[in-house]
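All chains are named by letter (A, B, ...) in the order of the sequence lines, taking the proteins before the strands, and each is independently numbered beginning at 1.
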There are 2 protein chains.
Amino acid sequence: MKVSALILHLESFIPLKQEEKDRIEEQFVPQTVKRKHKLLTAGEVCKDYFFVVSGCFRMFGVDDKGFEHNIQFASEKDWIADIGSFYSQKTSQLNIEALEPSEVLRIPQLGLYELFNNIPKINRIFKVMIEYKYIELQNRVLQNFSSTAEQRYLAFLEQYPHLKNRLPNTQVASYLGITPEFLSKIRKDLRDS
Amino acid sequence: MKVSALILHLESFIPLKQEEKDRIEEQFVPQTVKRKHKLLTAGEVCKDYFFVVSGCFRMFGVDDKGFEHNIQFASEKDWIADIGSFYSQKTSQLNIEALEPSEVLRIPQLGLYELFNNIPKINRIFKVMIEYKYIELQNRVLQNFSSTAEQRYLAFLEQYPHLKNRLPNTQVASYLGITPEFLSKIRKDLRDS
DNA sequence: ATTATTTCTTAAGGTAGATTAAGGGTGTTA
DNA sequence: TAACACCCTTAATCTACCTTAAGAAATAAT
C-alpha cells in the first residue's frame, strides 16, 4: 500500500497516534504518472504538495532564451512542490516533470492546512523537513560559488549516488548549471586522467 | 525595548497570548555587537539562533583559495544562524559577521527547543519563516543559472533596496558571486549606457 | 524489429568573467 | 597632519565555460 511509505516517513520524525495516522491518510490521494508527465506547468498555480513513493522527478525553470535549468530532483521518500506558489496560490514559474514512470501521493492546499490546524505535530515535522531542504540548498549555493564545474560534478556523484545511474547526463548538466557538451568534456578529462 | 521588535515580528505570523509572550521573552538575551564582530566563526559550533533588532550581518564561507563568498545578508527583523550546525551541533563551515554596529536577540539551542516543545504555535511560525527563506534561496539558485552578472546586480538592487546604500560594493560582489573588479565594470557600463 | 527520438561525444571558435597590477579616493586613528 | 586601512576604478591578459555543428550511440515508441 502506497500510504504506508508516507506514514513510515512521517514517523521517522515524530511518532503518531493511530487516530492521527488515519486523519493524515484521508487527505492524500495516490496517483500514477507516466514518464514526462508534468505535475506542475509554469504559468499554473501549484495546487498540490506531492510525496514521491517511487520514481523520480525534476523541478526546472525556463529562461528567456528557452533554456531549462533544473533546480532540484526528487525521488523515493522525498517531497516536491513549488512551495512559493503553493502557499501564495500565485502562478508558478516552475515545472515539475516525471523522469521515470512514478507513483506519488498528492495533498491539496486545503488538505494540508487541515492537518496543520488539527495535528500540531505536523507543523513541526514540516518545519524540520524544510530545514533539511534549506541546508541542502544553502550548501549548493556555496558550492556553486567556490568550486569548478568538475568539482561540482564529483560532489554530485557523491551526494546523490541513488540518482547518478538513473539520470541522463543532460539532466545532470542542467542541475550543475553547465551545458551537456561541457559535462561530456569533464567526463572525458576524468576518464583520461 | 529590544524584545518588543521580536514579539511584533512573531505576531505578524500568529497572535500570541500574554503568557506565551512572557515565556518567549524569557529565553532571549539581548546583545550589542560592534562592526566586524563575529557571531559565529567557521570551525565552531553554532550555539545560538539570532534575531536582528538593528544593524546588518553577512554570512559567508571561505573556499580553499581563501576567498570569501557571501551567502546571505540579514538586517532588521531578520533571523540568522547556521541552522545545519545549530540543529546538529556539528562544527560550522560558515561565519556570521556584523557589517554595522548592531543589536541582536540571541536564543540558545535549549531555549528554542523549550519553545518548540511548549508553545506549538512556535513550530508553525518557524516553519513559515524558513519556508520564506527557502523560496528566496531557490529564486537565487534559479537566477544564478539563468542570468548574467549584470542582470543579477540589477535584480539585487531591486530586491534589497534597504541594503544597497549600506553595503560596500565588495560585499555585494561577493554575494553576486563575482569579483569587485567585475562589479566595477558592470557599474561603469550601466553608467555609460 | 524497426523507426523515431533522445542522448552522448568531439572539436573549433567565441565570450563572460577572473586575474593581476597599479593609481586614486575616503575615512579613521594617532 | 600624517599614516593606515579599506574601498573603488581602469585596463591588459587569461581561462572556464559556451556556442555551433555534426556524427555516433543508446532508448523508447510503433
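- Each end of the helix from C:dA1-D:dT30 to C:dA30-D:dT1 gets its own axis from five base pairs, and the two axes differ in direction by 60°, given to 10 degrees.
- B:K188 meets the salt bridge (charged side-chain N to carboxylate O under 4.0 Å, His left out) test with B:D192; sequence neighbours excluded.
- Proximity of residues 165-177 of chain B to DNA chain C (heavy atom under 4.0 angstrom from any strand atom) is restricted to B:G177.
- Shown here are the ring pair (Phe, Tyr, Trp, His ring centres under 6.0 Å) partners of B:F116, two or more places apart in sequence or in another chain: B:F126.
- Among residue pairs with one or both ends in residues 76-96 of chain A, those qualifying as salt bridge (Lys or Arg N to Asp or Glu O under 4.0 Å) are A:E76-A:R166, A:D78-A:K133; sequence neighbours excluded.
- Of the residues in residues 183-193 of chain B, those with a non-hydrogen atom less than 4.0 angstrom from any atom of DNA chain D are B:S184, B:R187, B:K188, B:R191.
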Sub-3.5 Å pairs of nitrogen or oxygen atoms, protein against nucleotides 19-28 of chain D:
none

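- Legend: residues meeting ring pair (Phe, Tyr, Trp, His ring centres under 6.0 Å) with B:F13, ordered by chain and number and at least two apart, are B:H9.
- Atom NZ of A:K164 and atom C1' of C:dC8 are 19 Å apart (whole Å).
- A salt bridge (Lys or Arg N to Asp or Glu O under 4.0 Å) check over residues 27-56 of chain B, counting only residues at least two apart or in different chains, returns the pairs B:D48-B:R106.
- Taking B:Y175 as the reference, B:F73, B:F156 meet the ring pair (Phe, Tyr, Trp, His ring centres under 6.0 Å) condition, with sequence neighbours excluded.
- Atom CD of A:Q151 has more than 12 neighbouring heavy atoms from other residues, nucleotides or ligands inside a 6.0 Å radius.
- Contacts with DNA chain C (heavy atom under 4.0 Å) in residues 147-160 of chain A: none are found.
- In this structure, the side chains of B:Q171 and B:F60 stay at 4.5 Å or more apart for every pair of heavy atoms.
- Applying the salt bridge (Lys or Arg N to Asp or Glu O under 4.0 Å) test to residues at least two apart or on different chains, the pairs with a partner in residues 52-61 of chain A are A:R58-A:E68, A:R58-A:E97.
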